[in-house]
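Note sheet for the following structure.
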Amino acid sequence: MDVTPIIDPLNEAQREAVTAPQEPVLVVAGAGSGKTRVLVHRIAWLVEVEGVSPHGILAVTFTNKAAAEMRGRVEELLDIPVGNLWVGTFHGLAHRLLRRHAEAAGLPQTFQILDSQDQLRLVKRVIRDMELDDSTWAPREVQWFINGQKDEGRRPDHIDTRNDQTRAMMVSIYRNYQHMCDQNGLVDFAELLLRAHELWLNNPDILRQYQQRFRHLLVDEFQDTNSVQYAWLRVLAGKEGILFAVGDDDQSIYRWRGARVENMFQLKQAFPAMREIKLEQNYRSTSTILNAANAIIANNHDRLGKNLWTDGNDGEPIRLYRAYNDRDEAEFVVARIEEWVAQGNLRAEAAVLYRSNAQSRVLEEMLLAKQIPYRVYGGLRFFERAEIKDALAYLRLLENRADDTSFERVVNLPTRGIGAKTVSQLREYAAANAQPLWDAARSGAGGALSSRATTAVQRFLLLLEQLDKDTTDLDLGDTVDHVLQHSGLLEHHRKDRGEQAETRVENLEELVNAAQSYEPDAEDELPPLAAFLSHAALEAGEGQAEKWEDCVQLMTLHSAKGLEFPLVFIAGLEEGLFPHKRSLNDPGGLEEERRLCYVGITRAMQQLYMSHAEQRRMHGIDNYAQVSRFVAELPTDCIEEIRPSIRVSRPAFGKGAGFRHTIAAEPPGDVRLGQRVRHGKFGEGVVLNYEGAGAHARVQVNFETAGTKWLVMSYANLELM
DNA sequence: TACTATTTAATTTTT
DNA sequence: TTAAATAGTA
């Protein structure tokens with residue numbers, strides 16, 4: 001057998017990982033060190049050389065994209081279809097297990113998946129039903145709480161609420177929410193994982209079956225696993241399972257979403273035989289860029305520790321630009337991109353990275369003004385669009401009449417005279433009788449509805465029954481088409497004028513296409529419609545399905561993870577923005593920001609620009625910030641500061657012009673960050689922040705006794721100390 | 001029921 | 001500033 005294609009393209013460390021004996025392995029893979037290659041080749045090695053059947057291998061990733069790529073590359077390398085190899089996301093695999101063992105998992109066969117939008121709606125409803133004030137119990141925070149608990153594997157009963165009223169209330173919302181999900185056969189993302197874990201724990205025979213099958217567990221991006229995912233893996237591995245984990249602790253940027261880097265550190269205890277291999281040779285960036293990345297991340301503690309290197313050349317220095325304001329910064333970035341393109345490079349090779357989405361705005365305006373095509377990552381995905389979700393709600397009701405979320409979504413869409421009043425009557429009746437809205441509607445809420453409402457509701461029920469009947473013999477594409485035509489949804493959007501309405505109609509037509517060309521995963525053994533609905537929830541689709549055009553890439557640092565670009569800009573390196581002020585409270589948060597910076601830097605292949613603005617307009621008011629601490633952490637010999645060319649006058653935007661601007665560029669009065677001040681009423685304190693200029697300038701002061709306050713400079717009469 | 005005015009809050013988002 | 005959600009009005 002010829003193993004050259006499998007081991008030849010590998011460097012020494014990669015080869016050690018790929019050809020390691022069948023024992024637990026942890027691969028600490030730095031950015032750009034070829035971790036996907038190692039995973040793919042490891043699978044090939046196991047199959048081709050070690051004689052392991054693909055049937056006995058499970059490979060887990062976080063994103064559908066990564067899963068698809070891995071599957072594709074394995075098939076390419078092995079040159080044979082590997083149908084019974086399980087490759088998928090944690091959520092996808094958990095979903096598959098729950099479908100296969102729905103009963104053992106305590107779920108109805110027809111359970112539906114809630115995406116985070118659906119989940120938020122449901123949380124809102126629960127809060128309302130409990131007659132709680134939703135400003136005290138902000139639905140987003142409650143959702144956050146519930147998911148946080150689930151990510152840690154905690155059910156309501158596991159949570160200690162002694163001496164904590166707030167927590168106790170959170171838990172009872174959680175409990176009611178879960179009750180609602182169970183009643184309606186709904187499963188949110190976190191629940192997929194938690195249930196799958198509980199499936200192992202409660203059904204030893206099922207667990208054993210999978211333990212015997214999957215002797216090899218390969219996990220990508222291990223630093224991003226949360227507690228439940230980790231527990232799920234450990235239980236599945238048992239005593240015999242062989243774990244091959246790949247990850248980079250320095251690229252852990254999802255702690256705030258439940259990811260636990262510690263899982264990576266604990267592996268050695270959990271699997272004493274664990275062999276640790278570091279991939280430090282980088283094939284992406286110049287050594288200047290790598291030096292900068294290494295220097296930044298060296299400021300973090302709690303690392304496994306590694307140093308990226310390359311045998312490539314130094315490349316160009318990292319350019320640092322200090323802008324007057326955000327527009328100046330954008331202008332600078334766009335000018336550099338124009339140069340890049342003028343040198344014959346592709347726009348698509350340039351990426352602008354930023355900390356928060358709002359920053360894209362100025363950049364977009366500038367790109368628009370210069371007529372440079374661009375693409376902003378993020379935003380609504382195809383299956384998350386309102387009109388698509390409406391259509392899916394009809395389809396979900398066909399699958400599962402007990403899906404109240406979907407019921408409420410479309411019961412009056414298009415409008416058919418079922419107003420808020422009627423729905424709330426139905427809801428009340430359904431709650432009182434512990435039955436789905438569908439059943440409540442069938443009984444006309446026990447006769448409580450007005451005759452007009454009753455007819456309207458009956459018409460809706462009949463419509464759905466009719467849709468169900470008419471689509472029994474249709475294939476998936478025709479079913480979706482039929483539902484769109486006969487539910488009145490398409491008509492509803494067609495009669496709407498305007499560009500947006502047109503897009504909506506196009507999207508709905510696209511949905512039919514998507515259904516027509518959808519190929520269910522053979523392993524999932526689901527009826528086509530059910531499979532399609534799950535697919536829609538688990539894989540939200542592309543952001544903008546635009547046709548390919550050579551455009552500049554704009555995205556947050558988070559969404560840049562895993563990507564690479566010849567030319568990279570990191571914009572907005574300012575204290576309070578990056579690192580973000582909301583992560584400064586705890587040291588862990590700051591370290592995560594630093595890792596984010598590390599991720600950003602390591603995206604760059606050839607050229608890296610970093611910039612910050614003295615003045616930045618946020619939420620409509622001008623803010624002043626100091627340069628990010630991360631800039632100071634860069635080695636000075638990697639950096640070349642770019643001085644703005646001398647201009648006759650400083651750029652002043654809007655009214656006011658030069659004079660005003662001169663004042664604005666300085667902190668109000670003589671106040672500086674960290675300055676001690678005294679106030680007549682509040683006593684002594686320290687200046688934390690300031691914003692605005694002239695008469696509107698405000699400072700934030702942390703007083704020793706009075707706490708933190710925002711004060712208007714012209715009134716506060718602060719005494720400098 | 002649909003449109004308009006007002007209020008409120010604004011970090012990151014693989015599934 | 002702005003987007004979204006809510007409240008109020010025709």
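Every chain is numbered from 1, with letters handed out A, B, ... down the list of sequences. Bear in mind that the values here come from a model prediction, so they are computed numbers and not experimental data.
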Could you say whether A/Glu539 or A/Ala420 is positioned toward the 5' end of DNA chain B, judged by the nucleotide with the nearest heavy atom to each? A/Ala420
Separation of the P atoms in C/dA4 and B/dT13, to the nearest angstrom: 16 Å
Does the plane of the ring in A/Trp256 sit parallel, tilted or perpendicular to the ring in A/Trp144? Use 30° and 60° as the thresholds. parallel
Taking only the C1' atom of each, what is the distance from C/dA5 to B/dT12 in whole angstrom? 23 Å
Collect all protein-nucleotide pairs involving nucleotides 2-7 of chain C in which both atoms are nitrogen or oxygen and the distance is under 3.5 Å.
{"unit_1": "C/dT2", "atom_1": "OP1", "unit_2": "A/Arg361", "atom_2": "NE", "d": "3.4"}
{"unit_1": "C/dT2", "atom_1": "OP1", "unit_2": "A/Arg361", "atom_2": "NH2", "d": "2.3"}
{"unit_1": "C/dT6", "atom_1": "OP1", "unit_2": "A/Arg128", "atom_2": "NH2", "d": "3.4"}

Determine: side-chain N/O of A/Asn64 to OP1/OP2 of B/dT15, distance under 4.0 Å, yes or no. yes
Each nucleotide in nucleotides 5-13 of chain B should get exactly one letter: B, S or -. Can you fill that in based on protein heavy atoms under 4.0 Å? -----BBBB
When both hydrogen-bonding distances must be under 3.5 Å and the geometry is Watson-Crick or G-U wobble, what is B/dT12 paired with, if anything? none
To the nearest angstrom, the CG-P distance between A/Leu538 and B/dT15 comes to 9 Å
When both distances are under 3.5 Å in a Watson-Crick or G-U wobble arrangement, the nucleotide paired with B/dT1 is C/dA10
Could you verify whether a donor N or O on one side chain and an acceptor N or O on the other, from A/Tyr624 and A/Gln615, lie under 3.5 Å apart? yes
Please check if atom CD in A/Glu141 has more than 12 non-hydrogen atoms from other residues, nucleotides or ligands closer than 6.0 Å. no
B/dA2 C1' sits how many Å from A/Leu413 CG, rounded? 14 Å
A/His612 ring center near A/Phe578 ring center (under 6.0 Å): no
Atom CG of A/Leu533 and atom C1' of B/dT15: how far apart are they, to the nearest Å? 17 Å
What's A/Asn412 touching, base or sugar-phosphate or nothing? Going by heavy atoms closer than 4.0 Å. sugar-phosphate
Consider only side-chain N and O atoms of A/Ser611 and A/Glu329, and report whether a donor and an acceptor are under 3.5 Å apart. yes
Roughly how many Å is it from CG in A/Leu194 to C1' in B/dT15, rounded to a whole number? 15 Å
A/Phe407-A/Phe460 aromatic ring centre distance below 6.0 Å: yes
I need the single residue from A/Asn300, A/Asn263, A/Asp302, A/Val261 that forms a side-chain contact (heavy atoms from CB on, under 4.5 Å) with A/Asp249. Which is it? A/Val261
When you check the gap from the basic side-chain N to the acidic O, do A/Arg617 and A/Asp622 get nearer than 4.0 Å? yes
Do other residues, nucleotides or ligands put more than 12 heavy atoms under 6.0 Å from the CZ atom of A/Arg155? yes
A/Arg617 CZ to C/dT1 C1': how many Å, rounded? 8 Å
Find the distance A/Met555:CE to B/dT14:P and express it as a whole number of Å. 12 Å
Looking only at side-chain N and O atoms, does A/Tyr374 offer a donor or acceptor that is under 3.5 Å from a partner on A/Gln553? no
Just call it for A/Gly419: base, sugar-phosphate, or nothing, with non-hydrogen atoms closer than 4.0 Å on any strand. sugar-phosphate
Please tell me if A/Asn226 has a side-chain N or O lying less than 4.0 Å from either OP1 or OP2 of B/dT15. no
A/Lys65 NZ to B/dT15 C1', straight-line distance once rounded to whole Å: 15 Å
